[in-house]
Structures are given as C-alpha cells and as structure tokens.
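Working notes, beginning with the structure itself.
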Amino acid sequence: MPNANDTVKAYFDALVAKDAETLIAMMLPAAHYVKIGTDANEVIEGSNQIAAYYRNHVTSTEDFSITYITLDVQERLDVAWFYTRQVWKLKWQGTPEEFVMRMTGVLEMVNGSWKFAQIHASIGVLIS
C-alpha cells in the first residue's frame, strides 16, 4: 500500500516537472474537493475544474524549483494530512519570483491510492 508521504512528495515533483496529467490523476474526483491558491480568485470547489487548473498552472510556470524547509505528513487509516513550508523559485507567467510557500492539505485513500481532497496554499515571505 502506498504511503501518504510519498504521495505528497510526488505531487510537488509533478509540479516541478510540469506534469499536469499526473497532478490531475492525484486529485480526488469528488464534489467536496477544494483547492485554495494564493491569488484572489484561485479557488476550485468540486472536481470539474481540476484538469483546466493544473494544465494552466504547468503552462504558466518556467524554471521551477522547490526546496523543503519542513514537511510533515500524517496518516490514519484512510485519511492523511500534510503541512509544508518550502522555498519556491520560478518564473510565473514570465516573471521571476522567489518566496516561501506554506501549504496544508487533506488526502483520502480511494481504491488503494491516496488522492488529494483539499489543498490550501499561502505565501509566507517574499524573498528579495
């Protein structure tokens, strides 16, 4: 059985690799899925917008790297949750950025695979 820690790390690896199809497959196809990002209107409620969101995300980023400050993943039976702080370096829509990303999320075990049911991101500190 896969562990939630490996699944969370695979999510961030797929972001850096610009692998939209892997990211889409990792999300829970359910009405209670929620993704809250850092932009004012970056909210997905339900799974019907997941594919468009991740395809846009990977085409909007270049030179992406993630360095972990901390990562804590906990799992109990068929539910897991994570907290991470990371330094993100990337070009977002052509503009270079570097900042500390703070993220939390909840995963559910579905048919032997961990799926993200909820992700929340916020920018902690801009790095100049």
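Starting from 1, each residue takes its place in the sequence as its number.
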Sub-3.5 Å donor-acceptor pair from the side chain of T22 to the main-chain atoms of D19, do we have one?
no
Hey, any chance V58 and I119 share a hydrophobic cluster, counting ILVMFWY side chains that come within less than 4.5 Å of each other, even indirectly?
yes
Taking atom types as modelled and ignoring hydrogens, do the side chains of H32 and E108 form a donor-acceptor contact shorter than 3.5 angstrom?
yes
Could you go step by step and tell me if T61 and K91 meet the side chain to side chain contact (heavy atoms under 4.5 Å, CB included) rule?
CA-CA 6 Å; T61 58; K91 284 186 186 172; over 6 Å; no
By side-chain contact (heavy atoms from CB on, under 4.5 Å), K115 pairs with (sequence neighbours left out) L28, V110, S113
Please report the closest heavy-atom contact between E98 and V87, naming both atoms and the distance.
OE2-CG1, 3.9 Å
Criterion salt bridge (charged side-chain N to carboxylate O under 4.0 Å, His left out) on R55 and E21, from CA distance to verdict:
CA-CA 8 Å; R55 287 183 182 126; E21 299 313 307; 3.1 Å; yes
Is M103 close to F82 at the side-chain level, that is, under 4.5 Å between some pair of heavy atoms?
yes
If hydrophobic clusters are built by linking Ile, Leu, Val, Met, Phe, Trp and Tyr wherever their side-chain heavy atoms come under 4.5 Å apart, do V34 and V106 end up in the same one?
no
Is it the case that one hydrophobic cluster holds both I36 and I24, taking links as side-chain heavy atoms less than 4.5 Å apart, direct or via other members?
no
Are L107 and W81 packed together at the side-chain level, in the sense that at least one heavy-atom pair is separated by less than 4.5 angstrom?
no
Expected list for residues 62-72: side-chain donor-acceptor pairs under 3.5 angstrom, two or more places apart:
residue	atom	partner	partner atom	Å
D72	OD1	Q74	NE2	2.9

Residues E45 and N48: closest non-hydrogen pair is O-OD1, 4.1 Å
Would you say F116 and K35 make side-chain contact, with heavy atoms under 4.5 Å?
no
Heavy-atom closest pair, residues A121 and M101
CB-SD, 3.8 Å
For residues 4-16, please give each side-chain donor-acceptor pair under 3.5 Å, one per line with the distance, not counting sequence neighbours.
residue	atom	partner	partner atom	Å
D6	OD2	N3	ND2	3.2
T7	OG1	N3	O	3.2
Y11	OH	Y54	OH	2.9

Quick check for you: to the nearest 0.5 Å, what is the distance between R102 atom CZ and Q86 atom CD?
12.5 Å
Below 30° counts as parallel, above 60° as perpendicular, anything between as tilted: where do the rings of H57 and W88 land?
perpendicular
Quick one: closest heavy-atom pair of G94 and P96, and the distance?
O-CD, 3.7 Å
Does one hydrophobic cluster hold both L90 and I123, with members joined at side-chain heavy-atom distances below 4.5 Å?
yes
